[in-house]
Amino acid sequence: MSILTDIEAGLFSLKDEKFAEFQKNLTPTHGREHFIGVRTPELKRFAKELRKRSDTGEFLDALPHRYFEEDQLHSFIISEEKDFQRCIVLLEAFLPYVDNWATCDQLSPKVFAKHRDELIPFVDKWLASGQTYTVRFAIGVLMRHFLGEYFRKEYAERVVSAVSDEYYINMMRAWYFATALAKNYDEVLPYIEQKRLDKWTHNKTIQKAAESFRVTDEQKQYLRSLKI
């Protein structure tokens, strides 16, 4: 039996119809037939088992996948890849097929934390891709790996410049700046004071920052005064 058959059978053995409906409502870019209904902890356990197999590459090469849960498995497998160059190869093959926010946001390779300098050229490439979820992924990388002690204004400028009409890109831009306000408040505040973002992203950033326990009450009050 091939790994593709094993995966489909394994996923359907874990299916939950009600959860599939819930997932479909959370991920409106797909029809109901795209969802089996498998919860994330079970998918992560399944992905861990699949990584031990010698034929996992057959599954990773079988793009595009039919089901949302297969995309999630793919994300979890890549996220655990320990070899940076291999991880990049797998990402470059998979990103063009990522077509929803949930799979995009689950795609978070741990190995990136050890290769920040090597990452930036790829971030720039992904930002320039013109593909909604590839751009969203790139901004997410900047948010996860280039804030706090690794923050530089040039990285924030990249997010400012990622101008788009796409909701899922602008939501990530807002998430980036709200997180940056929590971690690098003094350095990032001028972007809000100077209204460097479009109105929707600007206001969403303030909303998300105001919901964060990492932003002080005094900071929240001031940020709210800057709403457009």
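In what follows, residues are counted from 1 in the order of the sequence shown.
The shortest distance between side-chain heavy atoms of Trp126 and Leu95 falls below 4.5 Å. Side-chain contact between Ser79 and Gln106 is absent, with no heavy-atom pair separated by less than 4.5 Å. Lys82 is not listed as a side-chain neighbour of Val111, based on a closest heavy-atom distance of 4.5 Å or more. Put simply, the side chain of Leu181 does not reach to within 4.5 Å of the side chain of Thr179, judged on heavy atoms. Considering only heavy atoms from C-beta on, Trp200 comes within 4.5 Å of Tyr167 through its side chain. A heavy-atom distance below 4.5 Å is found between the side chains of Asp71 and His34. Counting only heavy atoms from C-beta outward, the side chains of Leu223 and Leu189 approach each other to under 4.5 Å. No side-chain heavy atom of Phe122 sits under 4.5 Å from any side-chain heavy atom of Val141.
Tested against Phe76, the residues Lys48, Arg45, Lys44, Arg51 include a single side-chain contact (heavy atoms from CB on, under 4.5 Å) partner, Lys44.
Salt-bridge formation is not detected for the pair Glu187/Lys153: no Lys NZ or Arg NE/NH1/NH2 atom is positioned less than 4.0 Å from an Asp or Glu carboxylate oxygen. Looking at Lys110 and Glu80, a side-chain N of the basic residue comes within less than 4.0 Å of a carboxylate O on the acidic one, giving a salt bridge. The pair Asp16-Lys18 fails the salt-bridge criterion, with no side-chain N (NZ, NE, NH1 or NH2) lying under 4.0 Å from an Asp/Glu carboxylate O. A salt bridge links Glu17 with Lys15: the distance from a Lys NZ or Arg NE/NH1/NH2 to an Asp or Glu carboxylate oxygen falls below 4.0 Å.
Going from atom CD1 of Ile206 over to atom OH of Tyr222 covers 10.0 Å, rounded to the nearest 0.5 Å. Note that the CD1 atom of Ile139 and the OH atom of Tyr168 stand 15.0 Å from one another [nearest 0.5 Å]. With rounding to the nearest 0.5 angstrom, the CD1 atom of Ile3 is 4.5 Å from the OG1 atom of Thr56.
Within the 3.5 Å criterion, the main-chain N or O of Ile169 finds no donor-acceptor partner in the side chain of Arg136. Panel note: side chain Thr103, backbone Asn100; no donor-acceptor pair is recorded below 3.5 Å. Panel note: side chain Glu70, backbone Tyr67; a donor-acceptor pair is recorded below 3.5 Å. Between the side chain of His30 and the backbone N or O of Lys24 there is no donor-acceptor pair closer than 3.5 Å. Put simply, the side chain of Ser13 gets close to the backbone of Gly10: a donor and an acceptor are under 3.5 Å apart. Checked by atom type and distance alone, the side chain of Glu81 pairs as donor or acceptor with a backbone atom of Asp83 at under 3.5 Å. Judged by distance alone, the side chain of Trp101 and the main-chain N or O of Met172 form no donor-acceptor pair under 3.5 Å. Side-chain atoms of Thr27 never come within 3.5 Å of backbone atoms of Thr29 as a donor-acceptor pair (strictly under, hydrogens ignored). Checking side-chain atoms of Asn170 against main-chain N and O of Ser164 turns up a donor-acceptor pair under 3.5 Å.
Close placement of the Tyr191 and Phe177 rings is indicated, their centers lying within 6.0 Å of each other.
Environment of CD in Glu211: crowded, with over 12 heavy atoms of neighbouring residues, nucleotides or ligands closer than 6.0 Å. For Glu154, the CD atom counts as densely surrounded, since its 6.0 Å shell holds more than 12 non-hydrogen atoms of other residues, nucleotides or ligands. Annotation: Phe12, atom CZ; neighbour count of heavy atoms from other residues, nucleotides and ligands within 6.0 Å is above 12. Applying the 6.0 Å contact sphere to NZ of Lys220 captures more than 12 heavy atoms from other residues, nucleotides or ligands. By the 6.0 Å contact criterion, NZ on Lys125 is open, its count of non-hydrogen atoms from other residues, nucleotides or ligands being 12 or less.
For the pair Arg144 and Phe112, the cation-pi criterion (under 6.0 Å, within 45° of the ring axis) is not fulfilled. Geometrically, Arg116 engages Tyr150 in a cation-pi contact defined by less than 6.0 Å to the ring centre and at most 45° from the axis.
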Verdict with supporting geometry, Tyr97 and His74, ring pair (Phe, Tyr, Trp, His ring centres under 6.0 Å): CA-CA 11 Å; Tyr97 297 97; His74 202 131; 8.8 Å; no

side-chain contact (heavy atoms from CB on, under 4.5 Å) between Val188 and Phe151, intermediate numbers included: CA-CA 10 Å; Val188 173; Phe151 175 82; 3.9 Å; yes

Leu11 and Glu69: CA distance, side-chain angles, deciding distance, side-chain contact (heavy atoms from CB on, under 4.5 Å) verdict: CA-CA 8 Å; Leu11 289 173; Glu69 287 80 5; 4.0 Å; yes

Verdict with supporting geometry, Lys204 and Gln207, side-chain contact (heavy atoms from CB on, under 4.5 Å): CA-CA 5 Å; Lys204 183 61 70 172; Gln207 176 191 327; 3.3 Å; yes

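In this structure, a donor-acceptor pair under 3.5 Å is absent between the side chains of Glu166 and Tyr133.
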